[in-house]
Amino acid sequence: MPAYQTVVFDLDGTLLNTLEDLHLSTNAALATHDMPPHSIDDVRRFVGNGIRLLIHRAVPAGTDAATEEAVYEDFCAHYAAHCEDHTGPYPGIPELLAHLRAAGVRLAVVSNKGDFAVQELIARQFPGAFDAVLGENEAAGIRKKPAPDMVEAALGRMGVTREGMAYVGDSEVDVQTAAAVGCSCISCTWGFRGRDELVAAGATTFVDTPDELGRVLLASAQ
């Protein structure tokens, strides 16, 4: 039996390299309001806590709430139309997911990205690969990560508990989420945060490639 029977994944920076499209949509929304653009490294630091916080971090300090909301709406419209222009799985991820499914592992995705984009990206990039897929839906009372709500909702949809579960992500938000859930956390180093940032966040288990992640997840339970 695999070491983990259930694996919950983060999306951006873990399964998909979405950074360029997030960067382009951020700057497109800012340009609409004559605001200065950000570098791709700026946007890398801004992501992880959902679109609203991404935009809050991107607009100039002192921007009024109504204007920030307008930038947010413009981002959502642009990203909905362009979220796959430059986005795709990290090398080895599709094969990893197929391997896990073949071993009988239950798979879910939980992302602070807007649910509209999460559902579209997963359906198009990984059709049939996941048993539960959740994007940000605080309107339904499901708090964003690092609160445990999204993971708990995914487990509920799959009809399983956190026993035998691992959480896989690439950021400090993911480390905090796993701690809130009370499950194992595996931090991948190919995403939006460096190893030093992950260590500072409390990460203790690292994988450098999807192949290595597969070996960890499918190791025989002791």
Practice prompt. Measure the spacing between CG of Asn112 and CG of Leu54 and express it to the nearest 0.5 Å.
Written response: 11.5 Å
Discussion item. Can a side-chain donor-acceptor contact be found between Asp74 and His33 if the only test is distance below 3.5 angstrom?
Written reply: yes
Worksheet entry | Salt-bridge contact Lys113-Asp12 (side-chain N to carboxylate O under 4.0 Å) | yes
Worksheet entry | Nearest-0.5 Å distance that lies between atom CG in Leu107 and atom CG in Leu15 | 9.5 Å
Worksheet item: Does Arg143 pair with Glu138 as a salt bridge, N-O distance under 4.0 Å?
Response: no
Discussion item. We want to know whether Gln125 and Glu84 form a side-chain donor-acceptor pair, criterion being a heavy-atom distance below 3.5 angstrom.
Written reply: yes
Worksheet item: Would you say His78 has more than 12 foreign heavy atoms packed within less than 6.0 Å of its NE2?
Response: yes
Item to complete: Check whether any side-chain N or O of Gln119 sits under 3.5 Å from a backbone N or O of Val133 as a donor-acceptor pair, and report yes or no.
Response: yes
Worksheet item: Is the backbone N or O of Asp208 less than 3.5 Å from a side-chain atom of Glu212, with the two atoms forming a donor-acceptor pair by type?
Response: yes
Worksheet entry | Basic-acidic side-chain contact under 4.0 Å: Arg193, Asp174 | no
Fill in: Reference residue Arg57; test side-chain hydrogen bond (donor to acceptor under 3.5 Å, both in side chains); the match among Asp42, Thr26, Asn49
Asn49
Worksheet entry | Joint cluster assignment, Phe116 & Phe75, ILVMFWY side-chain distance < 4.5 Å | yes
Worksheet item: What closest approach, in Å, do Val175 and Ser187 show between heavy atoms, and which atom pair accounts for it?
Response: CG2-OG, 3.9 Å
Worksheet item: Quick check: are there more than 12 heavy atoms from other residues, nucleotides or ligands sitting under 6.0 Å from CZ of Arg162?
Response: no
Worksheet item: Under 4.5 Å between side-chain heavy atoms, hopping through other hydrophobics if needed: is there a path connecting Val8 to Val181?
Response: yes
Item to complete: Identify the residue among Glu136, Glu69, Glu68 that makes a salt bridge (charged side-chain N to carboxylate O under 4.0 Å, His left out) with Arg52.
Response: Glu69
Item to complete: Verify, without hydrogens or angle tests, whether His82 (side chain) and Leu22 (backbone) share a donor-acceptor contact under 3.5 angstrom.
Response: no
Worksheet item: Relative to each other, are the rings of Phe130 and Phe126 parallel, tilted or perpendicular (30° and 60° limits)?
Response: perpendicular
Discussion item. As an exercise, state the distance from CG of Leu217 to OG1 of Thr6, rounded to the nearest 0.5 Å.
Written reply: 11.0 Å
Practice prompt. Kindly check if the number of other-residue, nucleotide or ligand heavy atoms within 6.0 Å of NE2 (His56) is above 12?
Written response: no
Worksheet item: Taking atom OH of Tyr167 and atom SG of Cys183, what is their separation to the nearest 0.5 Å?
Response: 8.5 Å
Worksheet entry | Value rounded to 0.5 Å, distance of CE in Met165 from CG in Leu155 | 5.5 Å
Response to the item:
Taking every heavy atom of Phe192 against every heavy atom of Val47, the minimum-distance pair comes out as CD1-CG2, 3.4 Å
Practice prompt. Could you verify whether a donor N or O on one side chain and an acceptor N or O on the other, from Thr18 and Asp21, lie under 3.5 Å apart?
Written response: no
